[in-house]
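These notes are about the structure you will find just below.
Computed from heavy atoms alone, side chains included, the values below leave out hydrogens, waters and symmetry copies.
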Amino acid sequence: MTSIINYGISETLKALFAQLKETPGLNGYKYHHKDVELLSRNIVCRNYGSVCYELSFLCWAVVNHPQYSSSPLLSFFWLQENIQPKRFREAFAEPLHTTLGKASMGKEYLTLQLGDIEFSISPTRVAVLAVMLELIASIDPAQLGNIEKNLLDANAQTVKNVSSELQKLIYAYLKQHLPEASTQERFRAISSWLKKHGLSTKNISDQDVLDFWLHPPEQPSYIKFSTVLDDLLDAISAMEVVENAFNAEHGLSLVNDSNGEPGEIPADWVQNTVFEQTQSDTDLSWLCQSPKFLTLAQYQAMSAILSHSKLARQLPLSFLRLKIFSGWQSVLVQAKRKSPQVLADKLSQCPEHDYQGFVEQLNDSETQCKQVQKAIGYIFYALKSPLFVGIMLKQIPLELQQILKIWMREKIQESDNFKGNMFTEIQQWLSQYGSTQTWLAEANKAFNLNNKDGFKTLPCRAELETYQDGSDALQQCQQIVAGYLLRLEKLNHKNTELEAIYRSDLCIFSSRFKQIYGASNA
(Lines give C-alpha, C1' and ligand atoms only; values in the text may rest on other atoms or scores of the structure.)
Protein backbone atom coordinates (compact mmCIF):
# COMPACT_ATOMS: atom_id res chain seq x y z
CA MET A 1 0.00 0.00 0.00
CA THR A 2 1.52 3.35 -1.02
CA SER A 3 1.10 5.36 2.14
CA ILE A 4 3.07 8.24 3.61
CA ILE A 5 3.55 6.08 6.69
CA ASN A 6 5.86 3.83 4.67
CA TYR A 7 8.35 6.64 4.12
CA GLY A 8 11.49 6.26 6.20
CA ILE A 9 11.01 2.62 7.17
CA SER A 10 14.37 0.90 6.92
CA GLU A 11 14.85 -2.07 4.65
CA THR A 12 15.73 -4.11 7.75
CA LEU A 13 12.32 -3.46 9.33
CA LYS A 14 10.53 -4.14 6.05
CA ALA A 15 12.41 -7.43 5.78
CA LEU A 16 11.43 -8.30 9.35
CA PHE A 17 7.75 -7.76 8.57
CA ALA A 18 8.09 -9.91 5.44
CA GLN A 19 9.88 -12.59 7.47
CA LEU A 20 7.01 -12.72 9.96
CA LYS A 21 4.57 -13.43 7.14
CA GLU A 22 6.73 -16.31 5.90
CA THR A 23 7.50 -17.87 9.30
CA PRO A 24 7.07 -21.63 8.90
CA GLY A 25 4.68 -23.41 11.27
CA LEU A 26 3.45 -26.91 11.94
CA ASN A 27 1.13 -26.66 8.93
CA GLY A 28 2.22 -24.11 6.34
CA TYR A 29 2.78 -20.52 7.44
CA LYS A 30 2.64 -20.00 11.19
CA TYR A 31 0.83 -16.63 11.14
CA HIS A 32 -2.04 -15.29 9.07
CA HIS A 33 -1.00 -12.35 6.92
CA LYS A 34 -3.80 -10.23 8.36
CA ASP A 35 -2.38 -10.68 11.88
CA VAL A 36 1.09 -9.66 10.72
CA GLU A 37 -0.38 -6.66 8.87
CA LEU A 38 -2.28 -5.60 11.99
CA LEU A 39 0.81 -5.77 14.19
CA SER A 40 2.93 -4.07 11.53
CA ARG A 41 0.54 -1.12 11.47
CA ASN A 42 0.65 -0.93 15.26
CA ILE A 43 4.45 -0.94 15.22
CA VAL A 44 4.81 1.62 12.44
CA CYS A 45 2.21 3.90 14.05
CA ARG A 46 3.98 3.40 17.41
CA ASN A 47 0.80 2.03 18.91
CA TYR A 48 2.37 -0.99 20.56
CA GLY A 49 2.05 -0.16 24.27
CA SER A 50 -1.24 -1.97 24.85
CA VAL A 51 -0.02 -4.98 22.83
CA CYS A 52 3.06 -5.29 25.04
CA TYR A 53 0.91 -5.00 28.16
CA GLU A 54 -1.48 -7.69 26.93
CA LEU A 55 1.41 -9.93 25.85
CA SER A 56 3.01 -9.66 29.29
CA PHE A 57 -0.12 -10.99 31.00
CA LEU A 58 -0.38 -13.81 28.46
CA CYS A 59 3.28 -14.70 29.07
CA TRP A 60 2.61 -14.76 32.84
CA ALA A 61 -0.10 -17.37 32.27
CA VAL A 62 2.20 -19.46 30.06
CA VAL A 63 5.28 -19.21 32.30
CA ASN A 64 3.27 -20.24 35.37
CA HIS A 65 1.37 -23.03 33.59
CA PRO A 66 2.27 -26.34 35.30
CA GLN A 67 2.43 -28.20 31.97
CA TYR A 68 5.29 -25.99 30.68
CA SER A 69 7.89 -26.17 33.40
CA SER A 70 10.84 -26.29 30.98
CA SER A 71 11.23 -23.46 28.43
CA PRO A 72 7.53 -22.59 28.68
CA LEU A 73 7.45 -19.84 26.03
CA LEU A 74 9.31 -22.00 23.51
CA SER A 75 7.03 -24.96 24.22
CA PHE A 76 3.77 -23.02 24.15
CA PHE A 77 4.34 -20.64 21.19
CA TRP A 78 6.73 -22.62 18.99
CA LEU A 79 6.77 -26.34 19.67
CA GLN A 80 3.02 -26.75 20.24
CA GLU A 81 1.83 -23.54 18.55
CA ASN A 82 -1.09 -22.93 20.89
CA ILE A 83 -1.93 -19.72 19.06
CA GLN A 84 -5.20 -20.67 17.41
CA PRO A 85 -8.42 -20.21 19.42
CA LYS A 86 -9.19 -23.93 19.70
CA ARG A 87 -5.64 -24.95 20.70
CA PHE A 88 -5.43 -22.02 23.09
CA ARG A 89 -8.66 -23.02 24.85
CA GLU A 90 -7.46 -26.60 25.16
CA ALA A 91 -4.12 -25.48 26.60
CA PHE A 92 -5.87 -23.58 29.40
CA ALA A 93 -8.74 -26.00 29.90
CA GLU A 94 -7.58 -26.59 33.47
CA PRO A 95 -7.35 -23.57 35.81
CA LEU A 96 -3.92 -22.64 37.16
CA HIS A 97 -3.01 -21.26 40.57
CA THR A 98 0.16 -19.68 41.97
CA THR A 99 0.90 -18.05 45.29
CA LEU A 100 0.25 -14.61 43.74
CA GLY A 101 -2.37 -15.23 41.05
CA LYS A 102 -4.61 -17.53 39.09
CA ALA A 103 -6.01 -18.00 35.57
CA SER A 104 -9.04 -19.81 34.20
CA MET A 105 -10.64 -20.20 30.79
CA GLY A 106 -14.20 -18.98 30.60
CA LYS A 107 -16.68 -19.13 27.75
CA GLU A 108 -15.17 -16.13 25.94
CA TYR A 109 -11.96 -15.15 27.71
CA LEU A 110 -8.96 -16.39 29.63
CA THR A 111 -9.30 -14.44 32.88
CA LEU A 112 -6.24 -13.70 35.01
CA GLN A 113 -6.40 -12.51 38.63
CA LEU A 114 -3.19 -11.05 40.10
CA GLY A 115 -3.89 -9.38 43.41
CA ASP A 116 -6.35 -6.57 42.73
CA ILE A 117 -5.77 -6.72 38.97
CA GLU A 118 -8.14 -8.72 36.78
CA PHE A 119 -7.19 -9.12 33.11
CA SER A 120 -8.95 -10.93 30.25
CA ILE A 121 -7.46 -12.27 27.02
CA SER A 122 -9.57 -13.34 24.07
CA PRO A 123 -8.51 -16.57 22.31
CA THR A 124 -8.98 -14.74 18.99
CA ARG A 125 -6.37 -12.20 20.07
CA VAL A 126 -3.61 -14.68 20.86
CA ALA A 127 -2.34 -14.95 17.26
CA VAL A 128 -1.51 -11.22 17.12
CA LEU A 129 0.21 -11.44 20.51
CA ALA A 130 2.22 -14.41 19.23
CA VAL A 131 3.37 -12.32 16.26
CA MET A 132 4.54 -9.64 18.70
CA LEU A 133 6.52 -12.20 20.70
CA GLU A 134 8.06 -13.48 17.46
CA LEU A 135 9.09 -9.95 16.57
CA ILE A 136 10.60 -9.40 20.03
CA ALA A 137 12.51 -12.68 19.78
CA SER A 138 13.80 -11.61 16.34
CA ILE A 139 15.05 -8.30 17.73
CA ASP A 140 16.59 -9.80 20.89
CA PRO A 141 16.36 -13.60 21.40
CA ALA A 142 17.58 -13.24 25.00
CA GLN A 143 14.27 -11.61 25.91
CA LEU A 144 12.54 -15.01 26.03
CA GLY A 145 14.73 -16.11 28.90
CA ASN A 146 14.34 -12.74 30.66
CA ILE A 147 10.54 -12.92 30.42
CA GLU A 148 10.44 -16.45 31.82
CA LYS A 149 12.76 -15.56 34.69
CA ASN A 150 10.92 -12.37 35.65
CA LEU A 151 7.35 -13.66 35.36
CA LEU A 152 7.70 -16.91 37.28
CA ASP A 153 5.58 -16.47 40.45
CA ALA A 154 5.42 -12.75 39.68
CA ASN A 155 2.88 -10.21 40.88
CA ALA A 156 0.96 -7.63 38.83
CA GLN A 157 3.62 -4.94 39.27
CA THR A 158 6.29 -7.22 37.84
CA VAL A 159 4.05 -7.94 34.85
CA LYS A 160 3.77 -4.18 34.28
CA ASN A 161 7.55 -3.85 34.57
CA VAL A 162 8.07 -6.55 31.95
CA SER A 163 5.65 -4.73 29.64
CA SER A 164 7.59 -1.51 30.17
CA GLU A 165 10.89 -3.21 29.31
CA LEU A 166 9.43 -4.68 26.12
CA GLN A 167 8.20 -1.24 25.08
CA LYS A 168 11.66 0.23 25.71
CA LEU A 169 13.21 -2.54 23.60
CA ILE A 170 10.89 -1.82 20.67
CA TYR A 171 11.30 1.95 21.06
CA ALA A 172 15.10 1.65 20.92
CA TYR A 173 14.85 -0.59 17.87
CA LEU A 174 12.47 1.75 16.05
CA LYS A 175 14.76 4.74 16.65
CA GLN A 176 17.10 3.12 14.13
CA HIS A 177 14.42 2.01 11.68
CA LEU A 178 11.59 4.60 11.70
CA PRO A 179 11.30 8.39 11.53
CA GLU A 180 10.59 10.23 14.76
CA ALA A 181 7.00 9.90 15.98
CA SER A 182 6.43 13.65 15.65
CA THR A 183 7.58 13.50 12.04
CA GLN A 184 5.18 10.67 11.30
CA GLU A 185 2.34 12.59 12.95
CA ARG A 186 2.97 15.62 10.74
CA PHE A 187 3.27 13.47 7.62
CA ARG A 188 -0.02 11.74 8.39
CA ALA A 189 -1.73 15.11 8.98
CA ILE A 190 -0.50 16.42 5.64
CA SER A 191 -1.38 13.18 3.84
CA SER A 192 -4.92 13.33 5.25
CA TRP A 193 -5.25 17.00 4.31
CA LEU A 194 -4.13 16.34 0.73
CA LYS A 195 -6.58 13.46 0.42
CA LYS A 196 -9.42 15.53 1.90
CA HIS A 197 -8.89 18.27 -0.71
CA GLY A 198 -8.30 15.90 -3.63
CA LEU A 199 -4.67 16.95 -4.06
CA SER A 200 -1.64 14.97 -5.14
CA THR A 201 2.08 15.64 -5.30
CA LYS A 202 1.72 16.70 -8.92
CA ASN A 203 -1.22 19.11 -8.73
CA ILE A 204 -0.64 20.94 -5.43
CA SER A 205 -0.35 24.68 -6.08
CA ASP A 206 0.94 27.81 -4.37
CA GLN A 207 -2.61 28.68 -3.36
CA ASP A 208 -3.01 25.27 -1.74
CA VAL A 209 0.13 25.86 0.35
CA LEU A 210 -1.18 29.26 1.43
CA ASP A 211 -4.62 27.80 2.25
CA PHE A 212 -2.99 25.11 4.40
CA TRP A 213 -1.21 27.78 6.44
CA LEU A 214 -4.33 29.93 6.77
CA HIS A 215 -6.56 26.98 7.70
CA PRO A 216 -4.30 24.20 9.05
CA PRO A 217 -5.50 20.94 10.64
CA GLU A 218 -6.08 21.08 14.38
CA GLN A 219 -3.23 18.70 15.11
CA PRO A 220 -0.31 19.08 14.92
CA SER A 221 0.04 22.83 15.47
CA TYR A 222 1.10 24.88 12.45
CA ILE A 223 1.92 28.52 13.19
CA LYS A 224 5.00 29.39 11.14
CA PHE A 225 4.71 29.55 7.37
CA SER A 226 8.23 28.16 7.05
CA THR A 227 7.18 25.05 9.01
CA VAL A 228 4.15 24.55 6.78
CA LEU A 229 6.20 24.78 3.59
CA ASP A 230 9.04 22.62 4.94
CA ASP A 231 6.64 19.88 6.05
CA LEU A 232 4.69 19.99 2.79
CA LEU A 233 7.89 19.76 0.74
CA ASP A 234 9.16 16.88 2.85
CA ALA A 235 5.81 15.10 2.63
CA ILE A 236 5.59 15.55 -1.15
CA SER A 237 9.13 14.21 -1.56
CA ALA A 238 8.34 11.32 0.79
CA MET A 239 5.20 10.35 -1.11
CA GLU A 240 7.13 10.39 -4.39
CA VAL A 241 9.80 8.14 -2.89
CA VAL A 242 7.18 5.71 -1.59
CA GLU A 243 5.26 5.71 -4.86
CA ASN A 244 8.38 5.18 -6.96
CA ALA A 245 9.62 2.40 -4.69
CA PHE A 246 6.19 0.76 -4.93
CA ASN A 247 6.27 1.03 -8.73
CA ALA A 248 9.73 -0.47 -8.90
CA GLU A 249 8.84 -3.27 -6.48
CA HIS A 250 5.81 -4.28 -8.54
CA GLY A 251 7.41 -3.55 -11.89
CA LEU A 252 8.04 -7.17 -12.80
CA SER A 253 4.33 -7.86 -12.99
CA LEU A 254 3.37 -4.53 -14.55
CA VAL A 255 6.04 -3.79 -17.12
CA ASN A 256 7.15 -5.83 -20.10
CA ASP A 257 9.85 -4.91 -22.54
CA SER A 258 8.92 -5.81 -26.08
CA ASN A 259 12.55 -6.76 -26.77
CA GLY A 260 13.13 -8.66 -23.55
CA GLU A 261 11.87 -11.57 -21.57
CA PRO A 262 8.36 -11.39 -20.05
CA GLY A 263 8.50 -9.48 -16.81
CA GLU A 264 11.82 -7.79 -17.59
CA ILE A 265 11.99 -4.11 -16.54
CA PRO A 266 13.50 -1.75 -19.12
CA ALA A 267 16.50 0.11 -17.70
CA ASP A 268 15.24 3.52 -18.88
CA TRP A 269 11.90 2.95 -17.11
CA VAL A 270 13.68 2.10 -13.85
CA GLN A 271 15.83 5.24 -14.13
CA ASN A 272 12.80 7.45 -14.79
CA THR A 273 10.70 5.89 -12.04
CA VAL A 274 13.18 5.47 -9.22
CA PHE A 275 15.76 8.19 -9.84
CA GLU A 276 14.53 11.03 -12.01
CA GLN A 277 11.17 11.41 -10.26
CA THR A 278 12.67 11.22 -6.77
CA GLN A 279 13.51 14.62 -5.33
CA SER A 280 16.61 14.77 -3.15
CA ASP A 281 18.01 17.76 -1.35
CA THR A 282 21.12 19.48 -2.70
CA ASP A 283 23.51 20.77 -0.02
CA LEU A 284 26.18 22.92 -1.63
CA SER A 285 27.07 24.96 1.45
CA TRP A 286 30.68 23.85 1.06
CA LEU A 287 30.92 26.46 -1.71
CA CYS A 288 31.21 29.02 1.12
CA GLN A 289 34.27 27.31 2.63
CA SER A 290 37.89 27.42 1.45
CA PRO A 291 38.40 27.96 -1.42
CA LYS A 292 35.49 30.40 -1.08
CA PHE A 293 33.52 30.23 -4.31
CA LEU A 294 30.52 32.14 -2.89
CA THR A 295 29.85 34.36 0.11
CA LEU A 296 27.37 33.10 2.67
CA ALA A 297 24.85 35.78 1.65
CA GLN A 298 25.07 34.80 -2.02
CA TYR A 299 24.52 31.14 -1.17
CA GLN A 300 21.72 31.70 1.33
CA ALA A 301 19.72 33.63 -1.25
CA MET A 302 19.62 30.43 -3.34
CA SER A 303 19.74 27.73 -0.65
CA ALA A 304 16.01 26.90 -0.41
CA ILE A 305 15.67 26.79 -4.19
CA LEU A 306 18.76 24.60 -4.53
CA SER A 307 17.42 22.17 -1.91
CA HIS A 308 14.08 21.74 -3.71
CA SER A 309 14.82 22.57 -7.34
CA LYS A 310 11.89 20.72 -8.93
CA LEU A 311 9.36 21.79 -6.30
CA ALA A 312 10.62 25.37 -6.44
CA ARG A 313 9.59 25.46 -10.09
CA GLN A 314 6.25 23.87 -9.22
CA LEU A 315 5.60 26.27 -6.30
CA PRO A 316 7.48 29.48 -7.23
CA LEU A 317 5.33 31.86 -5.16
CA SER A 318 5.66 29.70 -2.04
CA PHE A 319 9.42 30.13 -2.14
CA LEU A 320 9.01 33.89 -2.56
CA ARG A 321 6.69 33.94 0.45
CA LEU A 322 9.14 31.82 2.41
CA LYS A 323 12.01 34.20 1.74
CA ILE A 324 10.14 37.44 2.47
CA PHE A 325 7.51 36.63 5.08
CA SER A 326 9.12 33.88 7.17
CA GLY A 327 11.86 36.35 8.13
CA TRP A 328 9.21 38.90 9.11
CA GLN A 329 7.41 36.27 11.18
CA SER A 330 10.65 35.48 13.06
CA VAL A 331 11.00 39.18 13.89
CA LEU A 332 7.42 39.22 15.21
CA VAL A 333 8.05 36.20 17.42
CA GLN A 334 10.97 38.02 19.06
CA ALA A 335 8.97 41.24 19.33
CA LYS A 336 6.07 39.52 21.11
CA ARG A 337 8.47 38.34 23.81
CA LYS A 338 9.47 41.94 24.53
CA SER A 339 6.20 43.89 24.76
CA PRO A 340 2.85 44.48 23.00
CA GLN A 341 4.06 47.89 21.83
CA VAL A 342 7.22 46.50 20.22
CA LEU A 343 5.07 43.88 18.49
CA ALA A 344 2.65 46.54 17.25
CA ASP A 345 5.56 48.59 15.90
CA LYS A 346 6.99 45.60 14.03
CA LEU A 347 3.58 44.71 12.59
CA SER A 348 3.14 48.24 11.29
CA GLN A 349 6.40 47.96 9.35
CA CYS A 350 6.80 46.15 6.04
CA PRO A 351 9.27 43.32 5.44
CA GLU A 352 12.79 44.39 4.58
CA HIS A 353 12.48 43.21 0.96
CA ASP A 354 9.67 42.67 -1.53
CA TYR A 355 9.40 40.02 -4.24
CA GLN A 356 11.19 42.03 -6.88
CA GLY A 357 14.03 42.67 -4.46
CA PHE A 358 14.46 38.94 -3.93
CA VAL A 359 14.45 38.38 -7.70
CA GLU A 360 17.29 40.91 -7.95
CA GLN A 361 19.18 38.99 -5.24
CA LEU A 362 18.82 35.78 -7.24
CA ASN A 363 19.97 37.51 -10.42
CA ASP A 364 23.01 38.77 -8.54
CA SER A 365 23.78 35.26 -7.22
CA GLU A 366 23.40 33.78 -10.70
CA THR A 367 25.73 36.44 -12.12
CA GLN A 368 28.23 35.72 -9.36
CA CYS A 369 28.17 32.01 -10.25
CA LYS A 370 29.12 32.92 -13.83
CA GLN A 371 31.88 35.30 -12.73
CA VAL A 372 33.47 32.80 -10.36
CA GLN A 373 33.39 30.18 -13.10
CA LYS A 374 35.29 32.60 -15.31
CA ALA A 375 37.84 33.09 -12.54
CA ILE A 376 38.22 29.31 -12.24
CA GLY A 377 38.59 29.13 -16.02
CA TYR A 378 41.45 31.62 -15.82
CA ILE A 379 43.14 29.52 -13.10
CA PHE A 380 43.07 26.48 -15.41
CA TYR A 381 44.34 28.59 -18.33
CA ALA A 382 47.15 30.17 -16.31
CA LEU A 383 48.27 26.74 -15.10
CA LYS A 384 48.12 25.46 -18.70
CA SER A 385 45.35 22.97 -18.01
CA PRO A 386 43.01 22.22 -20.95
CA LEU A 387 40.14 21.99 -18.43
CA PHE A 388 39.48 25.71 -18.97
CA VAL A 389 37.80 24.79 -22.26
CA GLY A 390 34.95 23.05 -20.42
CA ILE A 391 34.06 26.29 -18.63
CA MET A 392 34.58 28.47 -21.67
CA LEU A 393 32.31 26.30 -23.81
CA LYS A 394 29.38 27.07 -21.51
CA GLN A 395 29.83 30.84 -21.91
CA ILE A 396 30.87 31.54 -25.50
CA PRO A 397 28.39 31.89 -28.41
CA LEU A 398 26.65 28.67 -29.44
CA GLU A 399 27.98 28.80 -33.02
CA LEU A 400 31.56 28.99 -31.80
CA GLN A 401 30.91 26.20 -29.33
CA GLN A 402 29.99 23.87 -32.18
CA ILE A 403 33.03 24.86 -34.22
CA LEU A 404 35.39 24.23 -31.30
CA LYS A 405 33.80 20.87 -30.49
CA ILE A 406 34.13 19.68 -34.10
CA TRP A 407 37.74 20.85 -34.28
CA MET A 408 38.72 19.08 -31.05
CA ARG A 409 37.01 15.87 -32.15
CA GLU A 410 38.91 15.92 -35.45
CA LYS A 411 42.26 16.64 -33.80
CA ILE A 412 41.83 13.77 -31.34
CA GLN A 413 41.02 11.36 -34.17
CA GLU A 414 43.93 12.58 -36.34
CA SER A 415 46.79 12.52 -33.84
CA ASP A 416 47.77 10.16 -31.04
CA ASN A 417 50.07 12.91 -29.71
CA PHE A 418 47.30 15.48 -29.39
CA LYS A 419 46.85 14.74 -25.73
CA GLY A 420 50.42 15.71 -24.94
CA ASN A 421 50.20 19.02 -26.82
CA MET A 422 46.54 19.69 -26.12
CA PHE A 423 46.89 23.02 -24.31
CA THR A 424 49.26 24.51 -26.91
CA GLU A 425 47.10 23.32 -29.81
CA ILE A 426 43.93 24.76 -28.24
CA GLN A 427 45.67 28.03 -27.40
CA GLN A 428 46.77 28.47 -31.02
CA TRP A 429 43.29 27.68 -32.33
CA LEU A 430 41.62 30.14 -29.95
CA SER A 431 43.92 32.97 -31.12
CA GLN A 432 42.00 32.98 -34.43
CA TYR A 433 38.73 34.13 -32.82
CA GLY A 434 38.17 37.51 -31.25
CA SER A 435 35.26 36.31 -29.04
CA THR A 436 37.43 33.67 -27.36
CA GLN A 437 40.16 36.23 -26.72
CA THR A 438 37.55 38.51 -25.21
CA TRP A 439 36.38 35.70 -22.95
CA LEU A 440 39.94 34.99 -21.78
CA ALA A 441 40.40 38.68 -20.99
CA GLU A 442 37.17 38.71 -19.02
CA ALA A 443 38.26 35.57 -17.16
CA ASN A 444 41.56 37.22 -16.26
CA LYS A 445 39.70 40.30 -15.00
CA ALA A 446 37.26 38.14 -12.98
CA PHE A 447 40.18 36.44 -11.24
CA ASN A 448 41.94 39.74 -10.46
CA LEU A 449 38.75 41.22 -8.99
CA ASN A 450 38.01 38.16 -6.84
CA ASN A 451 39.78 38.68 -3.52
CA LYS A 452 38.06 35.83 -1.66
CA ASP A 453 40.03 33.05 -0.05
CA GLY A 454 41.40 30.71 -2.71
CA PHE A 455 41.53 33.34 -5.47
CA LYS A 456 44.12 35.82 -4.19
CA THR A 457 46.94 33.84 -5.79
CA LEU A 458 47.11 30.96 -8.24
CA PRO A 459 46.79 27.56 -6.53
CA CYS A 460 49.09 24.64 -7.29
CA ARG A 461 48.09 22.10 -9.95
CA ALA A 462 47.38 19.48 -7.27
CA GLU A 463 44.43 21.62 -6.10
CA LEU A 464 42.75 21.87 -9.50
CA GLU A 465 40.38 18.99 -8.77
CA THR A 466 38.80 21.05 -5.97
CA TYR A 467 38.32 23.97 -8.37
CA GLN A 468 36.80 21.63 -10.95
CA ASP A 469 34.29 20.43 -8.34
CA GLY A 470 33.53 24.05 -7.52
CA SER A 471 32.96 24.89 -11.18
CA ASP A 472 30.56 21.95 -11.60
CA ALA A 473 28.62 22.94 -8.46
CA LEU A 474 28.41 26.58 -9.55
CA GLN A 475 27.08 25.47 -12.92
CA GLN A 476 24.45 23.42 -11.11
CA CYS A 477 23.48 26.45 -8.98
CA GLN A 478 23.27 28.62 -12.05
CA GLN A 479 21.02 26.20 -13.92
CA ILE A 480 18.64 25.69 -10.97
CA VAL A 481 18.33 29.42 -10.28
CA ALA A 482 17.91 30.20 -13.98
CA GLY A 483 15.07 27.66 -14.19
CA TYR A 484 13.35 29.18 -11.17
CA LEU A 485 13.73 32.74 -12.49
CA LEU A 486 12.29 31.64 -15.83
CA ARG A 487 9.25 30.28 -13.96
CA LEU A 488 8.84 33.62 -12.17
CA GLU A 489 9.23 35.48 -15.43
CA LYS A 490 6.20 33.65 -16.81
CA LEU A 491 4.19 34.85 -13.81
CA ASN A 492 5.44 38.42 -14.05
CA HIS A 493 3.67 39.67 -17.19
CA LYS A 494 4.82 43.20 -18.13
CA ASN A 495 6.83 43.34 -14.86
CA THR A 496 3.70 44.21 -12.87
CA GLU A 497 2.28 40.88 -11.66
CA LEU A 498 4.84 40.25 -8.91
CA GLU A 499 4.25 43.70 -7.49
CA ALA A 500 0.49 43.13 -7.37
CA ILE A 501 0.93 39.65 -5.85
CA TYR A 502 3.24 41.09 -3.20
CA ARG A 503 0.74 43.76 -2.18
CA SER A 504 -1.99 41.12 -1.89
CA ASP A 505 0.25 38.76 0.09
CA LEU A 506 1.36 41.58 2.38
CA CYS A 507 -2.27 42.17 3.32
CA ILE A 508 -2.91 38.43 3.85
CA PHE A 509 0.18 37.79 5.94
CA SER A 510 -0.22 40.98 7.99
CA SER A 511 -3.82 40.06 8.84
CA ARG A 512 -2.88 36.50 9.75
CA PHE A 513 0.04 37.63 11.90
CA LYS A 514 -2.27 39.93 13.86
CA GLN A 515 -4.60 36.98 14.49
CA ILE A 516 -1.74 34.75 15.62
CA TYR A 517 0.16 37.19 17.81
CA GLY A 518 -2.77 39.32 19.00
CA ALA A 519 -1.37 42.81 18.62
CA SER A 520 -4.06 44.95 20.24
CA ASN A 521 -2.34 48.22 19.36
CA ALA A 522 -1.60 47.30 15.74
Side-chain angles (χ1 to χ4, degrees), residues 199 201-216 222 224-233 236 279 282 284 294-332 346-371 474 476-516 522:
L199 298 172
T201 59
K202 295 180 175 59
N203 67 10
I204 188 171
S205 68
D206 287 304
Q207 187 59 47
D208 295 322
V209 176
L210 186 59
D211 288 343
F212 185 97
W213 180 63
L214 293 173
H215 308 286
Y222 278 106
K224 298 181 70 174
F225 180 79
S226 58
T227 302
V228 167
L229 183 58
D230 286 344
D231 281 5
L232 279 169
L233 295 176
I236 290 171
Q279 178 66 27
T282 302
L284 299 174
L294 295 172
T295 66
L296 187 60
Q298 290 164 344
Y299 177 75
Q300 285 181 338
M302 306 181 290
S303 59
I305 296 167
L306 297 178
S307 294
H308 300 281
S309 56
K310 188 185 79 171
L311 291 172
R313 293 192 301 273
Q314 181 179 341
L315 304 168
L317 291 179
S318 296
F319 282 79
L320 281 177
R321 291 163 179 157
L322 174 70
K323 184 64 179 180
I324 304 304
F325 292 108
S326 65
W328 191 23
Q329 188 170 15
S330 297
V331 170
L332 296 175
K346 293 299 182 182
L347 269 171
S348 65
Q349 301 170 9
C350 292
E352 186 178 355
H353 299 287
D354 59 12
Y355 291 165
Q356 194 58 46
F358 178 51
V359 170
E360 291 171 2
Q361 280 186 302
L362 289 177
N363 279 317
D364 177 69
S365 295
E366 183 187 8
T367 299
Q368 189 62 23
C369 288
K370 294 178 181 178
Q371 289 300 107
L474 289 168
Q476 183 181 0
C477 291
Q478 182 184 332
Q479 291 175 342
I480 292 174
V481 172
Y484 177 73
L485 289 172
L486 182 61
R487 184 73 177 87
L488 287 181
E489 187 177 331
K490 294 178 180 179
L491 293 175
N492 194 24
H493 302 297
K494 299 180 181 179
N495 297 319
T496 59
E497 290 297 321
L498 280 184
E499 182 180 348
I501 293 172
Y502 172 74
R503 289 197 301 268
S504 174
D505 285 351
L506 180 60
C507 180
I508 293 172
F509 276 80
S510 178
S511 176
R512 178 59 178 154
F513 288 156
K514 290 175 182 178
Q515 292 176 2
I516 293 173

The reported gap from CG in Leu284 to CD in Gln476 (rounded to nearest 0.5 angstrom) is 5.0 Å
Output the distance between atom CG (Leu332) and atom NZ (Lys514), rounded to the nearest 0.5 Å. 11.0 Å
Would you say that Leu233 contacts Phe319 through its side chain, given a criterion of any heavy-atom pair below 4.5 Å between the two side chains? yes
Heavy-atom donor-acceptor pair, Gln314 side chain to Thr201 backbone, under 3.5 Å: yes
Heavy-atom pair with the smallest gap, counting every atom of Lys224 and Ser330: NZ-OG, 4.2 Å
Between the main-chain N or O of Ala500 and the side-chain N or O of Ser504, is there a donor-acceptor pair closer than 3.5 Å? no
Give me the atom names and distance for the closest heavy-atom approach of Ile324 to Asp354. CD1-O, 3.6 Å
Counting N and O atoms only, with roles assigned by atom type, does the side chain of Asn363 sit under 3.5 Å from a partner on the main chain of Val359, one being a donor and the other an acceptor? yes
Of all residues at least two apart in sequence or in a different chain, which pass the ring pair (Phe, Tyr, Trp, His ring centres under 6.0 Å) check with Phe212? Trp193, Tyr222
Between Val331 and Lys346 the two heavy atoms that sit nearest each other are CG1-CD, 3.8 Å
Smallest heavy-atom separation, Leu229 atom then Val209 atom, equals CD1-CG1, 4.0 Å
Any chance you could measure Leu311, atom CG, to Ser318, atom OG, to the nearest 0.5 Å? 10.0 Å
Would you please name every residue forming a salt bridge (charged side-chain N to carboxylate O under 4.0 Å, His left out) with Asp231, sequence neighbours left out? Arg186
Flag side-chain contact, heavy atom, 4.5 Å: Met302 against Ile480: no
I need the Arg313 CZ to Arg487 CZ distance, nearest 0.5 Å. 10.0 Å
Working to the nearest 0.5 Å, report the span between OG1 of Thr367 and CD of Gln478. 8.5 Å
Tell me whether the centres of the aromatic rings in Trp328 and Phe225 are closer together than 6.0 Å. no
Relative to the ring of Tyr502, is the ring of Phe325 parallel (under 30°), tilted (30 to 60°) or perpendicular (over 60°)? parallel
Say whether, by atom type as modelled, one donor and one acceptor occur between the side chain of Ser307 and the main chain of Ser303 under 3.5 angstrom. yes
Taking CD in Glu352 as the centre, count heavy atoms belonging to other residues, nucleotides or ligands within less than 6.0 Å. Is the count above 12? no
Would you call Leu506 and Tyr355 a side-chain contact if the rule is heavy atoms closer than 4.5 Å? no
Under 3.5 Å, is there a donor-acceptor pair between the Asp208 and Ser205 side chains? yes
N/O donor-acceptor pair under 3.5 Å between Gln298 side chain and Asp364 backbone: no
Check whether any side-chain heavy atom of Leu498 sits under 4.5 Å from a side-chain heavy atom of Leu320, and report yes or no. yes
Please lay out, stage by stage, how Gln207 and Asp211 fare under the test side chain to side chain contact (heavy atoms under 4.5 Å, CB included). CA-CA 6 Å; Gln207 187 59 47; Asp211 288 343; 2.9 Å; yes
So, for Leu491 and Glu497, which heavy atoms are closest and what is the spacing to 0.1 Å? O-CB, 3.0 Å
So which atom in Val481 and which in Leu362 form the shortest heavy-atom distance, rounded to 0.1 Å? CG1-O, 3.9 Å
Interatomic distance, CZ@Phe358 vs CG@Leu322, rounded to 0.5 Å, equals 8.0 Å
